Amino acid sequence: MPAPVDSNLIRLRIATRAGVFRAEYSATGLAQLHFPTAGSPPLRPVLGRRAPRVRPWHTATKAALKAILAGRAPHRFPPLDLSAGSAFQQAVWRALAKIPLGETRSYGEIARALGKPKSVRAVGGACGANPIPVLIPCHRVLAAQGKLGGFSGGLDWKRRLLAREGLNPR
DNA sequence: CAGGATCTACTTG
DNA sequence: CAAGTAGATCCTG
């Protein structure tokens, strides 16, 4: 499950052709990224003394997000705050971040890369808990035999993101 | 202690 | 070949 709502997070929106994403920043970087939600949720930007520091991060987030949505590899990333996750989850997320655009790995391969070949199911769980989808490309993780597997943001998004990268899993 | 974004091997039709 | 089943195994709340 995602981290509890931290009132100290600065929430900003990102308008894209695919909808309005929501980014949340902690004191150390981007902590969460949310897919566009169905209705029109309250999107009041919370500005504070940390806003000036967040501004360049947000610029980087917007550019990176839009690049990936367009099927291009981002040049720059904002600092990521993964501290909400357990040690295991952070290890998985770091592994996901290494998958190049246009490539995929299976849950089993990720587990092996972590030196814990038997933690396959747990890897799936950690993927589902990824607080920063798209930038941390959990959509590039497929089940064995190239099957699509699951996706918390909805399988449509997973297919869509992969399609932008030139991939069409079963 | 149950359940999951798995995997492999095996059985069936 | 597709689809279903069972067991193994690990992390999380």
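The structure displayed is predicted, hence computed values, not measured ones. The sequence lines fix the lettering, A, B, ..., with proteins before strands; numbering per chain opens at 1.
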Task: Separation of A/Lys62 NZ from A/Ile14 CD1 (nearest 0.5 Å) - done: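 One gets 7.5 Å once the value is rounded to the nearest 0.5 Å.
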Task: Rounded distance (nearest 0.5 Å) linking atom CZ of A/Arg140 with atom SG of A/Cys138 - done: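 These two atoms lie 10.0 Å from each other.
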TODO: May I ask you to list the residues of residues 97-126 of chain A, by number, that have any heavy atom positioned under 4.0 Å from an atom of DNA chain C?
DONE: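 DNA chain C contact set from residues 97-126 of chain A: A/Lys116, A/Lys118, A/Ser119, A/Arg121, A/Ala122.
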Open item on the list: Short of 4.0 Å, heavy atom to strand atom, which residues of residues 138-157 of chain A count as contacting DNA chain C?
Closed with: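 Hits under 4.0 Å, by residue number: none.
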Open item on the list: Can you classify the ring geometry of A/Trp157 versus A/Phe35 as parallel (below 30°), tilted (30 to 60°) or perpendicular (above 60°)?
Closed with: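 Rings of A/Trp157 and A/Phe35: tilted, as their planes differ by 30° to 60°.
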TODO: Determine the minimum heavy-atom distance between A/Ser26 and A/Trp57, stating which atoms define it.
DONE: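 Scanning both residues completely, I find the closest heavy atoms to be O-CZ3, 3.4 Å.
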Rounded to the nearest Å, what distance is computed from the [atom1] atom of residue [X] to the [atom2] atom of nucleotide [N]?
X        : N      : atom1 : atom2 : result
A/Ile136 : B/dA5  : CD1   : C1'   : 16 Å
A/Phe88  : C/dG13 : CZ    : P     : 12 Å
A/Arg170 : C/dC1  : CZ    : C1'   : 12 Å

TODO: Look through every strand shown and name the nucleotide pairing with B/dG13 as Watson-Crick or G-U wobble, where both distances are under 3.5 Å.
DONE: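 B/dG13 is paired, partner C/dC1.
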Open item on the list: Applying the Watson-Crick and G-U wobble criteria at under 3.5 Å, what pairs with B/dA5? Answer none if nothing qualifies.
Closed with: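 Answer to the pairing question: none, since B/dA5 forms no Watson-Crick or G-U pair.
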- [ ] From the options A/Lys158, A/Arg160, A/Glu165, select the one residue that forms a side-chain hydrogen bond (donor to acceptor under 3.5 Å, both in side chains) with A/His139.
- [x]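 Going through the options one by one, the only one that passes is A/Glu165.
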Open item on the list: Just so I know, are the side chains of A/Arg159 and A/Leu155 near enough to count as touching, which here means a heavy-atom distance under 4.5 Å?
Closed with: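 Yes; the side chains approach each other to less than 4.5 Å.
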TODO: Any chance you could lay out the side-chain contact (heavy atoms from CB on, under 4.5 Å) test for A/Phe151 and A/Leu162, step after step, and finish with the verdict?
DONE: CA-CA 12 Å; A/Phe151 197 64; A/Leu162 289 171; over 6 Å; no
- [ ] Could you walk me through whether A/Leu80 and A/Thr28 pass side-chain contact (heavy atoms from CB on, under 4.5 Å), step by step?
- [x] CA-CA 7 Å; A/Leu80 306 182; A/Thr28 57; over 6 Å; no
